[in-house]
Number of protein chains: 2
Amino acid sequence: MKQRLPVQGAQGDLLRLVATGAAESRAGLARMSGLAASSVSLRVEELIEAGLLVEEGSGTSRGGRRPRRLCLSPTAGVLAVADLGAHHARLGLLDLSGAPLVVEEVPCEITEGPEATLDLLADAFDRLLAERVPPSVPLRGVGTGVPGPVDPATLRVVTPSRMPGWNDFPVADHLRARYDLPVLVENDANLMAAGEARSWPGRENLMVLKVGTGIGCGAIVDGRLHRGRGAAGDISHVRVSSDSSVICACGHHDCLEAYASGAALIAALADAGVAVRHTSDVVDLVNDAVPEATSMVRTAGRRIGEVLTVLVNFFNPDVVAVGGSLSAAEPLITSIRAAVYERCLPLATRDLEIAPARAGRDAALLGAGSLLLDAVLA
Amino acid sequence: MKQRLPVQGAQGDLLRLVATGAAESRAGLARMSGLAASSVSLRVEELIEAGLLVEEGSGTSRGGRRPRRLCLSPTAGVLAVADLGAHHARLGLLDLSGAPLVVEEVPCEITEGPEATLDLLADAFDRLLAERVPPSVPLRGVGTGVPGPVDPATLRVVTPSRMPGWNDFPVADHLRARYDLPVLVENDANLMAAGEARSWPGRENLMVLKVGTGIGCGAIVDGRLHRGRGAAGDISHVRVSSDSSVICACGHHDCLEAYASGAALIAALADAGVAVRHTSDVVDLVNDAVPEATSMVRTAGRRIGEVLTVLVNFFNPDVVAVGGSLSAAEPLITSIRAAVYERCLPLATRDLEIAPARAGRDAALLGAGSLLLDAVLA
DNA sequence: CCCTTTATCTTCGACATCGAAGGAAGTGGA
DNA sequence: TCCACTTCCTTCGATGTCGAAGATAAAGGG
């Protein structure tokens, strides 16, 4: 079952505030939305009538009458979201508050091209919906992350480096043909940033790094995802100063990714006679205090930190959140922090927090939910 | 005469659209504002009634009835704006559309402290108002740029490096005590960016560089000035790679400003046996094709460009506008362009324009007008 | 226990905005 | 010249939002 949400105008804002947990009573909605309490009451009544909200007991008093707690009806709908990687797709169903109902990972070769990949994705969505969601609960939106740049205007993949056959493919149109619903297509690092942002309430400017096999980054500016031309937030192909010279997959010399990514560390360890296959192996070595691995991770962190100094001075974020599999190696974040604090302007670092990412493995799915909710409630 | 603008709600939006030139008829206002044509008519009537708008002849037909052209009444009010430098203050009066009525420069030592400087400024404003503006035309807002970081929350100057006595001084409060009006205080580079942005209609993401005695930069993100913590946009204290080692005024080694600013070039030329005093002298040497000077400007441009690669990849601007006195030396922008295009991701440079700034010497005043108008029409 | 205080929520009249319909003032083609 | 068409602008009834006032429900203190 598919169905556009029957909300309009102020209803959307109110529903969003409840969905994101920003408010859970009529009075709270009035405070957060800026609407008059009377208008809120009116709209909430309609939303309850429509089966989207339900009243559920009462909240805790703030000194006066207890609020009647509002929450999303479990029958209000679900969102289907995915994050396409090179060899796997992580996908799941979320309720309208963005909380996961079910998440799973399926093997999926992105090199097989857009039609095959997206159909596999949609089949998996349909299977999950049939298995996990009563037919009476409608699907409200579909979203996916892709490991390449997405033109924000057309929702097409543009000039992807590791997605043969995808260039200029109208991903959103293809999905909309199957689901006549709001559709979201976004770069995977951007989705992760959007997901991470929900874990940092009150922080309006974030940089979110993903240091894994590769290096990805997304930026939240004034509370909103900064898209630029589809690859905003990229830091992996910044030139770093080095004695040697390495050619990156992008064709340039001495990209950050060619020195500080998990793949680069694996290669460097191999040169040093230590054979490892996955980034997690590198983390294990560091946690076992193998000196070469620790030293290499430190160097990687310092290099990342040096690139960050430029961006921290320029962008003045409140938070730099570091995620990705390599972030489990503690020296990484420590050395990033050291480089940034040593070199940035005091004003830029005064209230800056450089911290491990909080949103976990499902960050991209949560981000897709967050952005998709905006689209659904537009 | 001082007076807050008697506008509320939709009137402000409409007045802003006319002031910025985005619309010049009721129909155009309806298109741009999203309001219904009937509501527009109603509010416009009130604005005419209030003496803020006037009807002035008719515009050109778009295939049907000719629109009745609307424009700001010249008696609607003026804005007083300034840009404080180290030794001079540039100040002027603008009409509500942000167009300068009069601009002048007065000597003014910022080291004399905030009270003396701001009182001098206000005296100059009062003199200009008395000389140039009929008493019936009210002053609607006051704004100034300062050569240091400004906390956007409190409008205080924070940790300025070249403004002794100003640290934590409540500039806005001081001005508001004299003018009970909307007051704007902002970093000078940010003001310049805001002013330059008006010269690039349709471009939502800009980086605006000012390369003069120092190096300043401001960023416009999604059409709005990015403030961060008050010094967002700073690029002057980024570390550049170099064989030698120079200590910057900020205390760090090898800052961009210590290599690529006008002051740095003057020092380098002195070392090479060429005695010059001002950045404009450097420009003259380059335009006279003096090899040392040209080569040095090229190197400076390349260094600036290398720093920009990081930011262009990350931020994906539509435009990098280069202003400041040193930008009159043509090799500067050429070498910036070369460095950025060589090294950035194709997607980031595909539609990127790296061009001379368009707004001219009054950019900061125009920017102050633009931001102040928003405050006045809030 | 009763009263005051605080907060939540609803009722109701005033006002703002909307969309539909139509009048006004042009353009362009037969 | 006449007429269809487009665009601009206004009129008018329907709807949405607001703020004030009051009803409801709890906390806290004598």
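Just so it is clear, the values below take in all heavy atoms, side chains as well, and ignore hydrogens, waters and symmetry mates. Chain letters run A, B, ... following the sequence lines, proteins first and then strands; every chain starts at 1.
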* Among the nucleotides D/dC8, D/dC9, C/dT17, which one has an atom lying closest to any side-chain atom of B/Arg68? ->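 Of D/dC8, D/dC9, C/dT17, D/dC9 is nearest to the side chain of B/Arg68.
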* **Nucleotide of D/dT17, C/dC9, C/dC18 approaching B/Leu35 most closely (side-chain heavy atoms)** => C/dC18
* Asked: Who are the side chain to side chain donor-acceptor pair (under 3.5 Å) partners of A/Ser58, not counting sequence neighbours?
  ->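 A/Ser58 satisfies side chain to side chain donor-acceptor pair (under 3.5 Å) with no residue once adjacent residues are dropped.
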* Are OP1 or OP2 of D/dT7 and a side-chain N or O of B/Arg31 less than 4.0 angstrom apart? -> no
* Asked: Would you say B/Arg62 reaches D/dT6's phosphate, i.e. side-chain N/O to OP1/OP2 under 4.0 Å?
  -> no
What integer distance in Å separates [X]:[atom1] from [N]:[atom2]?
X	N	atom1	atom2	value
A/Glu24	C/dC9	CD	C1'	16 Å
A/Arg69	C/dA7	CZ	P	19 Å
B/Leu29	D/dC9	CG	P	9 Å
B/Arg26	C/dG26	CZ	P	15 Å
B/Arg65	C/dG28	CZ	P	17 Å

Any [X] side-chain heavy atom under 4.5 Å of [Y] side chain:
X	Y	answer
A/Val137	A/Pro74	no
B/Asp318	A/Arg229	yes
B/Leu96	B/Val78	no

* To do: Apply salt bridge (Lys or Arg N to Asp or Glu O under 4.0 Å) to the pair B/Arg203 and B/Glu353, showing each step before the final yes or no.
  => CA-CA 10 Å; B/Arg203 312 304 185 92; B/Glu353 198 163 342; 3.1 Å; yes
* Under 3.5 Å donor-acceptor pair, A/Arg66 side-chain atoms to D/dA26 base atoms -> no
* When all nucleic acid strands are considered with a 4.0 Å heavy-atom cut-off, which category describes B/Ser25: base, sugar-phosphate, or nothing? -> sugar-phosphate
* Asked: If you look at every strand shown and take non-hydrogen atoms under 4.0 Å, does B/Ala30 touch a base, only sugar-phosphate, or nothing?
  -> nothing
* Under 3.5 Å donor-acceptor, B/Arg358 side chain and B/Ser199 backbone ->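 Yes, B/Arg358 side chain to B/Ser199 backbone: donor-acceptor pair under 3.5 Å.
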* Salt bridge check: are A/Arg156 and A/Asp151 linked by an N-O gap of less than 4.0 Å? -> no
* Of the residues in residues 36-49 of chain A, which ones touch DNA chain C at a heavy-atom distance under 4.0 Å? ->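 A/Ala37, A/Ser38, A/Ser41, in order of number.
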